[in-house]
S.K.: 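Below are the structure tokens for one structure; questions will follow.
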Number of protein chains: 2
Amino acid sequence: MTGRRASSTLISAEEPVVFVIDDDASVREALSNLFRSVGLRVEVFGSAHEFLQCKLPNVPSCLILDIRLPRLSGLDFQAELAKADIHIPIIFMTGHGDIPMTVRAMKAGAVDFLTKPFRDQDMLDAVTAAIERDRNSRDEAKILSDLHAHFATLTSRERQVMALVTSGLMNKQIAAEIGLAEITVKIHRGHIMRKMGAKSLPDLVRMAELLGIGPASDRSQT
Amino acid sequence: MTGRRASSTLISAEEPVVFVIDDDASVREALSNLFRSVGLRVEVFGSAHEFLQCKLPNVPSCLILDIRLPRLSGLDFQAELAKADIHIPIIFMTGHGDIPMTVRAMKAGAVDFLTKPFRDQDMLDAVTAAIERDRNSRDEAKILSDLHAHFATLTSRERQVMALVTSGLMNKQIAAEIGLAEITVKIHRGHIMRKMGAKSLPDLVRMAELLGIGPASDRSQT
DNA sequence: TGCGATCCTAAACCTCGGTATGATCCGCGC
DNA sequence: GCGCGGATCATACCGAGGTTTAGGATCGCA
């Protein structure tokens, strides 16, 4: 824990970025101009590989991808990103795409799938939607990661007690369940509230919901 | 009511139904045979209108739709159903569809979009996924409607108190907030727990979450 | 070996949650 | 009018939640 408490109230409201991957320089140029004309930051790449070299900034962003990339199909690249746990909204472009490709892309979560030539406005609309989607998912991810950070400071006993508390059991029931004195459960409970930063029991319950803590914690025997 | 209480923990696990709308009788015939061959119930229709006459059973189901329907495009019909609050998973078929159509259909929530001719297995896979999706959404809807039914038995005062309780306020704070004696809040609180069938406060909090009860409940006039 | 973290427990004490009993007031419908 | 249910409040009582203080036990690590 360093003293870095910079501007921690910030949501991801900073300047968004649009990434473009296309092997055709004229397409890159055109899109770059289009987005800059509406005041959007743009980064262009000639291949998926180049894009991966670049460190992704922590701001709302989206990726515009030709379905037909030089060394790797756009769909495969989409799968790669998902496997690498990089969840940036993707907008596909295609000159000669077909319907099965489209379906696969959309099922995999693509924001849009535009056929060339497309109207500038259609692309801008898609980008707006994609950025908005990313902004929301980043905000959610931020909340969740903060929550996990707090949860990580709990001891295993405290985690166990937290699961039982948020499932609605009384202290004495919890004590019986795991073979403790009621007073001990109360102590743990107090620690949990403080460590998690919960101001009330309903607060803690909602945190547990987000963390996915339910009866599905540990099934030993029986 | 027959004596069929075999699986009486009933979720919506009853026999699913596949609905097919196509103006081509040979297609209806072929699909009907396909689905029956794997033991699925099928209902076929020559038009969207006919389909709407039919009363939809309360079992997991899905709808297979040609994008090019006689009087109404498949996409428009999809929009119609959504507007009428009928949320049945849709699988589109098309002989001459294009990518924009596909994108629109998928964005609107279609399960799949198959190009004719398609492999039987692809259709069956799509139907399986669609049925599964519908089963899940029906289970959720059932839970939610039961919850709303309980919530409907609350008086407006009780609803107001419930919102404050689940937001984490103490009885005395709630009392101060709405100008009551603490004891009165306790009474309401007891009624709420009984009427909602909540066995604990965490229980009630989760119900409130599902019902969408937060600080954004009642902002009438001051 | 000593330090610290985790875990467990006890006694005392206070607040909060919740119920029961009993009561008043109001509005609605028969 | 009368009954009924909702809303309000008071008193009293009890159980549950929660903190403080104070201790004992175990384990890993410097």
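Labels below follow one simple rule: chain letters A, B, ... track the order of the sequence lines, proteins then strands, and each chain is numbered from 1. Just so it is clear, the model here is predicted, and its values are computed rather than measured.
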S.K.: Given 3.5 Å as the limit, does a donor-acceptor pair link the side chain of A:Arg28 with the main chain of A:Val20, or not?
M.R.: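 Between the backbone of A:Val20 and the side chain of A:Arg28 there is no qualifying donor-acceptor contact (under 3.5 Å).
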S.K.: It should be established whether A:Lys186 places a side-chain nitrogen or oxygen under 4.0 Å from OP1 or OP2 of nucleotide D:dT19.
M.R.: no
S.K.: Expressed as a whole number of angstroms, how long is the span from B:His191:NE2 to D:dT8:P?
M.R.: 12 Å
S.K.: Can you sort out the partners of B:Arg104 under side-chain hydrogen bond (donor to acceptor under 3.5 Å, both in side chains), two or more places apart, ordered by chain and number?
M.R.: B:Asp76
S.K.: Output yes when at least one side-chain N/O atom of B:Asn171 is less than 4.0 Å from OP1 or OP2 of C:dC16, else no.
M.R.: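 B:Asn171 to C:dC16 OP1/OP2: no side-chain N or O under 4.0 Å.
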S.K.: List for me each residue that meets ring-ring contact (aromatic ring centres under 6.0 Å, His included) alongside A:Phe19, sequence neighbours excluded, and say none if there are none.
M.R.: A:Phe51
S.K.: Within 45° of the axis and under 6.0 Å from the centre of the six-membered ring of B:Phe151, does NZ or CZ of B:Arg159 qualify?
M.R.: yes
S.K.: Output the distance between atom CD1 (B:Ile21) and atom SG (B:Cys54), rounded to the nearest 0.5 Å.
M.R.: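 Taking CD1 in B:Ile21 and SG in B:Cys54, the distance rounds to 9.5 Å.
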S.K.: To the nearest Å, how far apart are A:Ile192 CD1 and D:dT19 P?
M.R.: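 Result: 11 Å.
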S.K.: Taking NZ from B:Lys172 and P from D:dC9, how many angstroms apart are they, rounded to a whole number?
M.R.: 16 Å
S.K.: Judged by atom type as modelled, is there a donor-acceptor pair below 3.5 Å linking the side chain of B:Thr128 to the main-chain atoms of B:Leu124?
M.R.: yes
S.K.: Do the charged groups of A:Lys142 and A:Asp146 touch, with an N to O distance under 4.0 Å?
M.R.: yes
S.K.: Looking at DNA chain D, which of residues 195-206 of chain A put a heavy atom within less than 4.0 Å of it?
M.R.: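 Residues of residues 195-206 of chain A under 4.0 Å from DNA chain D: none.
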S.K.: Regarding B:Glu140 and B:Arg138, does a basic nitrogen lie under 4.0 Å from an acidic carboxylate oxygen?
M.R.: no
S.K.: Are there over 12 heavy-atom neighbours, none belonging to B:His87, within less than 6.0 Å of that residue's NE2?
M.R.: yes
S.K.: Under 4.0 Å between a side-chain N/O of B:Arg189 and OP1 or OP2 of C:dT19, yes or no?
M.R.: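 So the side chain of B:Arg189 is outside the cut-off, no N or O lying under 4.0 Å from OP1 or OP2 of C:dT19.
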S.K.: Within less than 4.0 Å of OP1 or OP2 of D:dG5, is there a side-chain N or O belonging to B:Thr155?
M.R.: no
S.K.: Can you measure B:Met170 atom CE to D:dG17 atom P for me and round it to whole angstrom units?
M.R.: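 Distance, rounded to whole Å: 16 Å.
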S.K.: Can you tell whether the side chains of B:Arg206 and B:Glu209 come within less than 4.0 Å, N to carboxylate O?
M.R.: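 A salt bridge is absent here (no side-chain N lies under 4.0 Å from a carboxylate O).
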S.K.: For the pair B:Asp134 (side chain) and B:Ala130 (backbone), establish whether a donor and an acceptor sit closer than 3.5 Å, ignoring hydrogens and angles.
M.R.: no
S.K.: Polar pairs (N or O, both sides) under 3.5 Å between protein and nucleotides 26-30 of chain D?
M.R.:
none

S.K.: Whole Å only: how far is the CE atom of A:Met193 from the P atom of D:dA16?
M.R.: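 My rounded result for the distance is 19 Å.
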S.K.: Take the C1' atoms of the five end pairs on each side of the helix from C:dT1-D:dA30 to C:dC30-D:dG1, get both axes, and report the angle to 10 degrees.
M.R.: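 Angle reported: 30°, given to the nearest ten degrees.
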S.K.: Taking for each residue the nucleotide of DNA chain D bearing the nearest heavy atom, is the 5' side occupied by B:Thr153 or by A:Arg194?
M.R.: B:Thr153
S.K.: Give me the distances for all protein-to-nucleotides 8-11 of chain C N/O pairs that come in under 3.5 Å?
M.R.:
from: C:dC8; atom 1: OP1; to: A:Arg157; atom 2: NE; distance (Å): 2.6
from: C:dC8; atom 1: OP1; to: A:Arg157; atom 2: NH2; distance (Å): 2.3
from: C:dC8; atom 1: OP2; to: A:Arg157; atom 2: NE; distance (Å): 2.9
from: C:dC8; atom 1: OP2; to: A:His188; atom 2: NE2; distance (Å): 2.7
from: C:dT9; atom 1: OP2; to: A:Ala181; atom 2: N; distance (Å): 2.7
from: C:dT9; atom 1: OP2; to: A:Thr184; atom 2: OG1; distance (Å): 3.0

S.K.: Please tell me whether B:Arg36 and B:Ser32 have a donor and an acceptor in their side chains that are separated by less than 3.5 angstrom.
M.R.: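 Yes, because at least one side-chain N or O of B:Arg36 sits under 3.5 Å from a partner of the opposite role on B:Ser32.
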S.K.: Knowing that exactly one of B:Arg189, B:Lys195, B:His188 qualifies, which makes a side chain to side chain donor-acceptor pair (under 3.5 Å) with B:Glu158?
M.R.: B:Lys195
S.K.: As a test of understanding, state which of B:Ile90, B:Leu72, B:Ile67 forms a side chain to side chain contact (heavy atoms under 4.5 Å, CB included) with B:Gln78.
M.R.: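 Considering B:Ile90, B:Leu72, B:Ile67, a side chain to side chain contact (heavy atoms under 4.5 Å, CB included) with B:Gln78 is found only for B:Ile90.
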